[in-house]
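One-based numbering along the sequence shown. All values below were derived from every heavy atom in this structure, side-chain atoms included, with hydrogens, water molecules and symmetry-related copies excluded.
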Amino acid sequence: MWCLELLLPLLLIVKDVSGQWNVWIPRDISAMTNSCVVIPCTFMYPSGIRLHYGIHGIWYFGQPYPQLFPPVVFKTRTEIVHESYQGRTKLIGDLHQRNCTLLISNIGTEHSGRYYFRADLGGANIYTYPDFSELKVLDQPNIDIPEEIVADENLELTCYAPDNCPENSPEIQWMYTDYLPEPEYTSDYVAESNTAVLSSTLTFTPRPMHNGQLLGCRVSYPNTTLVYERLISLDVKYAPRSVWVNVSAEVMEGSSVTLHCEVDSNPPPRISWLFGDQQLLWDRASNASLSLEDLTPSQEGIYTCVGDNGYGVMNTSMYLAVLYPPSEPVVNGSLTILEGSSISLQCSTQGNPTPTLTWLKDGELVGTITAAEVSVLELLKLNPQGDGQYRCLAENEHGRASSSLNITVEYAPVLLDESKCTVVREGVQCVCMATGNPEPIIEFYLPDKNITVNDTDGRYNYYTHTDGHTSTGMIKLREKGERLGNSAVNVHCSISNMYGSESFHLELQQEKKYMMAVIVGTIGGVAVIAFIIAAVRYVGHNNKKENGNPGQDLVSKLENPALYYSTVKKDKQCLRKKVLKTELLGSKFNSILEESTGEDGDYQPVGSMAELERQELNYAALEFLGGRSRDGGPQGGGMTAATTPRSRPNESRSFPDPSSPRDTVAAMLSPPSSRHSPPLQTSSPSPVDTITTLHHHTEIPHRLPPSLTHLK
């Protein structure tokens, strides 16, 4: 063994260095006893080796390494071979052509085994190829027999004879086929890897009567006395042809029953009674009975009788029904899920007859009624309406049972349409309603004041209420004496829970009574203006006739040009009109000053409601051209007197040209600088030619005190 351990690494090194030591021989080859066999062989060696001493070859049997002293089958240098191969081997290939084919004659079964070739190229160029050819020496032909010969099924039997001896070729014949039904014979010659096999196939359909019949295959070599035979006995088996059991039965819980089974087969089968995968009874016989006592619902099911004789299996089943009322259904546990999720609700029960399963949500039918022991209710993309109690009801003719579970759908807050701001008697009331699960938290935010209202304080009455998944928040804006956001309500509602938050701007909704007031006020205002225009024209016409010099008369009566206001009280339909007519230098104009006032009580204009009780402020501007001061001194270029509201610092006022109607209208629409106009300041009046321009302005101030009704 130590020699082998030293040689193996050396052989591996030599093979790795050369990389060209190769041999090709058939892996398997067979031959009949007392005949011959040819083992084809081709070898390769490195091209760089110089053959100074020629090429020699050696065939070994059993082992490839000389150190183990394997039997020498053939050797070119000498005729010394193993005694069992004396006179039987011959190298029929030319080693110089790299052909190492070996012929073995008159072989026996003792020559079966592995054969190795060793090339000797002189010097250290000696190499034993690890590949081998395994020889099988047969004393009778091979017959390929299927593992099972089954009656009434096509059967093929094949007889093989090797044809690897060039001196003789075999012939195959079938024996004892006279009683076979329509036998067929097929011959085939297979040559592979320089080896050859002759085969003959017998095809027929056996019957149960052919069980035990003898068949034989004979192989002979012409012109020789070599004859080989093999006999087989047909073992025709047929699978169980029928399995009989009780018909399906229905029995009440607690009763007893006996199940019978009979099998027709050859040989007798092994009979097994199965309940599901559980074997309850088995016996090797042609029949077997199974007794069941005091039946319970767990014993309801399929019972199967299986007949197995080793060559075929057959089974028949029957259903044993145990009648009983439905058991309490098994359902999912209560679930809490997020909106948009999908879930499957399962309900399982047992009962016989098979119960009907019904899904109910809050007492109403959902899904379909199923006649089965398992029902699945698919709930896809649940919304908040899917929240509630789900009940599975199981019923059959022997009773009923049910189980329930609760599904809670959680979702982000959603603002309801009822959210808005409205004008009420106390001011403005803003309501924010939202639904969500968990219940949303409601806060109000006033961006103009940068105030978040989530609690009641002195100025904002905050209130919240929760009803189920709906939360309601309300605030009342009770500011007095000042406006909210330049006549507009700017309130944001923030709703939030663990799944999200949103902020919305609440729109101001007008009440019907205020809308009606706007309509009535508009129509009434048009009528009043028409009446005022008619009255002014009439008064002006009369004054023109009565007064020869209305300009001097007016200057004598008025120490300073004055501004008068008229107030229209809309809600009491009271109109106070003051008409001031000034005619200077042959020009005249009518100035109509109107002022609307409300109640003396508190008034808080909020949003668009301020427009419902707005005040109209009229003021006039008088311009004196070429006038004189009170002491009679002339004024260079003229003197101008204007009635204007108090201006903001660094704010200038310009008066339009009275000759331009567009300028006059623009002046009437130009806003004053403050809500309360102070007394007007004018220059000293003079009974001279005067051009007067009327300014009309509409604004939304608080009610003017009575002291400002007439400004001097």
Side-chain angles (χ1 to χ4, degrees), residues 26-40 88 103-113 115 133-239 266-267 310-312:
R27 185 78 176 189
D28 299 290
I29 193 169
S30 59
M32 303 302 296
T33 57
N34 300 320
S35 67
C36 68
V37 63
V38 174
I39 302 177
R88 298 186 180 187
L103 170 65
I104 306 176
S105 302
N106 193 23
I107 59 176
T109 56
E110 69 275 9
H111 298 133
S112 297
Y115 290 79
S133 180
E134 185 166 357
L135 174 64
K136 295 180 181 179
V137 181
L138 309 176
D139 57 358
Q140 61 180 3
N142 287 329
I143 297 178
D144 188 5
I145 304 173
E147 293 182 1
E148 293 182 356
I149 300 177
V150 183
D152 302 322
E153 292 185 4
N154 190 54
L155 174 64
E156 290 185 354
L157 301 176
T158 303
C159 180
Y160 297 96
D163 188 15
N164 295 313
C165 181
E167 300 175 359
N168 298 296
S169 295
E171 294 180 354
I172 300 176
Q173 293 180 341
W174 285 94
M175 302 181 296
Y176 314 116
T177 60
D178 296 338
Y179 298 100
L180 297 181
E182 301 178 356
E184 295 181 0
Y185 305 94
T186 303
S187 297
D188 191 14
Y189 188 86
V190 179
E192 182 179 2
S193 302
N194 292 330
T195 62
V197 175
L198 180 66
S199 66
S200 177
T201 301
L202 170 64
T203 303
F204 68 99
T205 301
R207 302 284 187 265
M209 60 178 295
H210 296 129
N211 181 40
Q213 180 176 337
L214 291 177
L215 287 177
C217 174
R218 174 180 293 174
V219 176
S220 61
Y221 289 89
N223 302 322
T224 67
T225 59
L226 299 177
V227 177
Y228 309 91
E229 294 181 354
R230 182 178 179 183
L231 297 178
I232 60 172
S233 177
L234 294 179
D235 189 11
V236 180
K237 305 294 182 179
Y238 59 93
N266 185 31
Y311 298 95

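Between atom OG of residue S220 and atom CG of residue N168 there is a gap of 10.5 Å, rounded to the nearest 0.5 Å. The line from CG of D235 to CD of E148 is 10.0 Å long, rounded to the nearest 0.5 Å. Expressed to the nearest 0.5 Å, how far CZ of R230 lies from CZ of R218 amounts to 16.0 Å. Note that CD of E229 and CD of Q173 are 9.5 Å apart. Values are rounded to the nearest 0.5 Å. From L138, atom CG reaches atom OG1 of T33 across 8.0 Å, with rounding to the nearest 0.5 Å. The CG atom of L214 sits 9.0 Å away from the CD1 atom of I232 when rounded to the nearest 0.5 Å.
Annotation for M209: atom CE does not count as buried by contact number, only 12 or fewer foreign heavy atoms lying within 6.0 Å. In this structure, N154 places its CG atom where more than 12 heavy-atom neighbours from other residues, nucleotides or ligands lie under 6.0 Å away. Atom CD of E110 has more than 12 heavy atoms from other residues, nucleotides or ligands within 6.0 Å. Heavy atoms of other residues, nucleotides or ligands lying less than 6.0 angstrom from OH of Y179 number 12 at most.
At least one side-chain heavy atom of I149 sits under 4.5 Å from a side-chain heavy atom of P206. Proximity of N34 to T224: side-chain heavy atoms (C-beta onward) are nowhere separated by under 4.5 Å. Proximity of Y228 to D139: side-chain heavy atoms (C-beta onward) are nowhere separated by under 4.5 Å. Residues L157 and P146 form a side-chain contact, since some pair of their non-hydrogen atoms from C-beta on lies under 4.5 Å apart. For the pair M175/L231, a side-chain contact is recorded, criterion being any heavy-atom separation below 4.5 Å from C-beta on. Between L215 and I143, the closest side-chain pair of non-hydrogen atoms is not below 4.5 Å. Considering only heavy atoms from C-beta on, I172 stays 4.5 Å or farther from P141 through its side chain. Counting heavy atoms from C-beta on, the side chains of S105 and C165 never come closer than 4.5 Å.
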Give the C-alpha distance, both sets of side-chain angles, the deciding distance and a yes or no for side-chain contact (heavy atoms from CB on, under 4.5 Å) between L180 and Q213.
CA-CA 9 Å; L180 297 181; Q213 180 176 337; 3.6 Å; yes
In sequence, state the C-alpha distance, the side-chain angles, and the governing distance for R88 and H111, and then conclude on side-chain contact (heavy atoms from CB on, under 4.5 Å).
CA-CA 11 Å; R88 298 186 180 187; H111 298 133; 2.5 Å; yes
Would you please test Y115 and L135 for side-chain contact (heavy atoms from CB on, under 4.5 Å) and show each step?
CA-CA 8 Å; Y115 290 79; L135 174 64; 3.8 Å; yes
Evaluate side-chain contact (heavy atoms from CB on, under 4.5 Å) for I29 paired with E134, printing each intermediate quantity in order.
CA-CA 6 Å; I29 193 169; E134 185 166 357; over 6 Å; no
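Of the possible polar contacts, one joining the S233 side chain to the G212 backbone as a donor-acceptor pair under 3.5 Å is found. For the pair S200 (side chain) and C159 (backbone), a donor-acceptor distance under 3.5 Å is absent. Between the side chain of N164 and the backbone N or O of S30, at least one donor-acceptor pair lies under 3.5 Å. A distance-only check finds a donor-acceptor pair linking the side chain of S133 to the backbone of P26 [under 3.5 Å].
Taking both residues in full, the closest heavy atoms of P183 and L202 are given as CB-CD1, 3.6 Å, listed atom of the first, atom of the second, then distance. Taking each heavy atom of V38 and P166 in turn, the nearest pair found is CG2-CD, 3.3 Å. The two residues G216 and Y176 have their closest heavy-atom pair at N-CD1, 4.0 Å. Shortest non-hydrogen contact noted between V37 and L103 is O-CD1, 3.4 Å. The shortest heavy-atom contact between V219 and P170 is CG1-CB, 3.9 Å. Shortest non-hydrogen contact noted between H210 and L234 is O-CB, 3.6 Å.
Between T158 and the choices T201, N142, D144, the side chain to side chain donor-acceptor pair (under 3.5 Å) rule is met once, by T201.
Side-chain polar atoms of Y185 and T177 form a donor-acceptor pair below 3.5 angstrom.
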